Number of protein chains: 2
Amino acid sequence: MQEAVEIVSEKGLNALTMSTLSAKVGVTEGALYRHFSSKNELIMDILNDIFLETTSQISEVNSRKQPNAAKLQQIMENQLFIFKQRPAIANLLFAEEYFLTNHDIKILIYSIINTIQLYIQEIFEAGKNNGEFKNHIHPRHISLMFLGTIRMLVMNWKLSNYQWDLPIEGQVFCQNLLEIIEEKNFNQ
Amino acid sequence: MQEAVEIVSEKGLNALTMSTLSAKVGVTEGALYRHFSSKNELIMDILNDIFLETTSQISEVNSRKQPNAAKLQQIMENQLFIFKQRPAIANLLFAEEYFLTNHDIKILIYSIINTIQLYIQEIFEAGKNNGEFKNHIHPRHISLMFLGTIRMLVMNWKLSNYQWDLPIEGQVFCQNLLEIIEEKNFNQ
DNA sequence: CTTTTGTAAGTAAATATTCACATACATGCA
DNA sequence: TGCATGTATGTGAATATTTACTTACAAAAG
C-alpha cells in the first residue's frame, strides 16, 4: 500500500497499475492478488487508511483547549503538510471523477469528505457560538469554502509544478479568511 | 465534439474512448481520425471551446454597468448553470489529475483556470477600490476561495447524485460570501 | 502435512491508432 | 450535357500495447 501511494504521488493515479505496482514492490502481479482480491480493494484499503489518519488528526486538534481560530489554522497546516509530503493523498481524495463508475469507491470518498467537512463545520459553529466569529457567518457554507480553498490551493500548487511552499501559502490564506470573520473585540 | 461532451457528462471522462464516441456518433473509429489527429487533439479542441465560451461570458458580465457584487453573483449563476446542463465541462476543467501525463493538456487547463481566476480577481479588486467591499480583503485570495467554493459545490452536487439544484445553492453561498465582505454603508 | 505466499505464463477485453480501399461530390474541361 | 480528376469523408479490418485478473504449480514455513 505504501508503494502504491508513492506511485500515485510521483506519477499520478493513472500510473498505478497492478503491473507497475508489482514491479515497484519487487514481486509478480499474482502475488499482489494474494493480499488484495482486486485493484479496487487495494484502493479502498488505502482510502480507509487515509480516512482514519485524517479524522484522528483533526479530532486530536479539536480536543485541545484553544481558540477555534487556532484550531482551524492547525488543521489546514496539518492537512497541507500531508499533501505536500504525499501528494497522492490529494489525488485520491479529490479524484471523484476517476471513480465515477465504481459505486463503492464513490461512496467511500463521499463519506470521507463529508466527515471532514462536518468536523470543520463544528469548529466554525463553536466559534460562532462563543462570540469568536461574527454572528452572521454560516458554518456549513464557510466550512465548504474552507475545504474548497484547500483543494484549489493544492491544484494550483500542482499546476505550478510545486514551485512554492504549500503549507506556508495555506497559512496566509487561513489568516485572511479568519481576519474577515473574526469578531474584533473578542477576548477568550 | 458535442457527442463527446455528452458522453463525459453522462458517464465520466473514463467512458470517453474513440470506440464509445464512434458508436455514439454513428461512424467508425477511423472516421474520427479524419477530423482529429488524436484523442488528445479532440479533448484540447473541446477545452478551447470551453475556454472561449467561459471567458466571453465572464467578460460580457464584467462590461455591464452594475455593482461588483452583482457581477460576481451573475458569474457564479452562469457558471453553475453551465455545469448543471453539461456536467462534462466541470469534469474536464477540474480533471487535472487525469491529464497529469499529458503536458499540453495540463498547460491548457492551467491557463484556462488562471485566466478565469484573474477575471474574478479584478472584480474583487474593483469592488475593493470603490469602497464596495471591505478594505482588508485580498483579491487574489478571495478569488481563489470563490473558485474553490464553486468547485466544492459541484463536487458535492455530483456526489449527492444531483439531488439539489446547483445554481440555487450557489446563489445562497455567494450571498453569504458577499455579506461577509461587503461594506455596510456603501452606496453607489 | 497443511497453509501461506510466491512464480511463470497465461487469459480476454479494451485501448489508441493505422491502413488499404470505397464512396460521394464538387470542380474543371471537352 | 458528359466525363475525368481531386479531395473530403467514410469503412472494415488489423495493429501493438496495456489492462485487470487467473491458473497450475512450487517453495517455504509453522
Side-chain angles (χ1 to χ4, degrees), chain A residues 1-50 88-89 91-109, chain B residues 1-50 88 91-93 95-109:
Chain A
M1 287 164 66
Q2 270 182 28
E3 306 271 21
V5 169
E6 253 178 55
I7 290 175
V8 180
S9 279
E10 286 162 10
K11 298 178 183 172
L13 205 51
N14 279 324
L16 178 64
T17 67
M18 298 313 261
S19 167
T20 60
L21 181 56
S22 68
K24 177 144 191 171
V25 174
V27 295
T28 58
E29 294 180 47
L32 297 178
Y33 283 90
R34 290 282 171 208
H35 305 273
F36 305 95
S37 69
S38 71
K39 186 187 173 184
N40 271 343
E41 203 195 85
L42 165 69
I43 291 172
M44 291 184 75
D45 283 359
I46 294 173
L47 279 171
N48 263 319
D49 270 17
I50 293 174
I89 294 181
N91 293 36
L92 290 165
L93 275 182
F94 297 150
E96 82 273 21
E97 293 313 330
Y98 197 83
F99 300 124
L100 206 71
T101 45
N102 187 300
H103 185 254
D104 289 339
I105 292 188
K106 189 181 162 189
I107 296 291
L108 184 53
I109 291 181
Chain B
M1 285 164 67
Q2 271 181 28
E3 305 272 21
V5 169
E6 252 179 56
I7 290 176
V8 180
S9 278
E10 285 163 10
K11 296 177 183 172
L13 205 51
N14 280 323
L16 178 64
T17 67
M18 298 312 261
S19 167
T20 59
L21 180 56
S22 68
K24 178 144 190 169
V25 175
V27 295
T28 60
E29 296 180 48
L32 298 180
Y33 283 90
R34 291 281 172 209
H35 306 271
F36 306 95
S37 69
S38 69
K39 187 186 171 183
N40 272 343
E41 203 194 85
L42 164 70
I43 291 173
M44 291 184 74
D45 283 359
I46 294 174
L47 280 171
N48 264 318
D49 270 18
I50 294 174
N91 293 34
L92 290 166
L93 275 182
E96 82 273 20
E97 293 312 331
Y98 195 83
F99 300 123
L100 205 72
T101 46
N102 187 299
H103 185 253
D104 290 340
I105 293 189
K106 189 182 162 188
I107 297 292
L108 184 54
I109 291 182

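From a predicted model like this one, the values you see are computed outputs, not experimental measurements. Numbered from 1 within each chain, the chains take letters A, B, ... in sequence-line order.
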Colleague: Could you tell me the separation between the CD1 atom of A/I43 and the P atom of D/dT19, rounded to a whole number of Å?
Modeller: 13 Å
Colleague: Taking the side chain of B/E29 as heavy atoms from C-beta outward, which of D/dA20, C/dA16, C/dT7 is closest to it?
Modeller: C/dA16
Colleague: Between CD1 of B/I107 and NE2 of B/H103, what distance do you get to the nearest 0.5 Å?
Modeller: 3.5 Å
Colleague: Rounded to the Å, how far apart are B/M18 CE and C/dA13 P?
Modeller: 23 Å
Colleague: Rounded to whole Å, how long is the line connecting atom CG of A/L42 with atom C1' of D/dC21?
Modeller: 14 Å
Colleague: Quickly work out the A/K39 NZ to C/dA13 P distance and round it to whole Å.
Modeller: 20 Å
Colleague: Hey, which sits more toward the 5' end of DNA chain D by its nearest nucleotide, A/R34 or A/T20?
Modeller: A/T20
Colleague: Counting side-chain heavy atoms from CB outward, which of D/dC21, C/dT18, C/dT15 is closest to B/Y33?
Modeller: C/dT18
Colleague: Taking only the side-chain heavy atoms of B/T17 (C-beta and beyond), determine which of C/dA16, C/dT7, D/dA20 contains the nearest atom.
Modeller: C/dA16
Colleague: Mind calculating the distance between CG (A/L16) and P (D/dT18) to the nearest angstrom?
Modeller: 16 Å
Colleague: Nearest whole angstrom, please: distance from the P of C/dT17 to the CD of B/E41.
Modeller: 10 Å
Colleague: Any donor-acceptor pair under 3.5 Å linking the side chain of A/K39 with the backbone of A/L16?
Modeller: yes
Colleague: Please report the distance, rounded to the nearest Å, between CZ in A/F36 and C1' in D/dT22.
Modeller: 18 Å
Colleague: Run the salt-bridge test on B/E10 and B/K24 with the 4.0 Å N-O cut-off and return the result as yes or no.
Modeller: yes
Colleague: Taking all non-hydrogen atoms of both residues into account, name the closest pair between A/A95 and A/L13 and its distance.
Modeller: CB-CD2, 3.8 Å
Colleague: May I have the distance from B/N14 (atom CG) to C/dA16 (atom P), rounded to whole angstrom?
Modeller: 10 Å
Colleague: Check every atom of D/dG10, C/dT17, C/dT7 against the side chain of B/H35 and return the nucleotide holding the closest atom.
Modeller: D/dG10
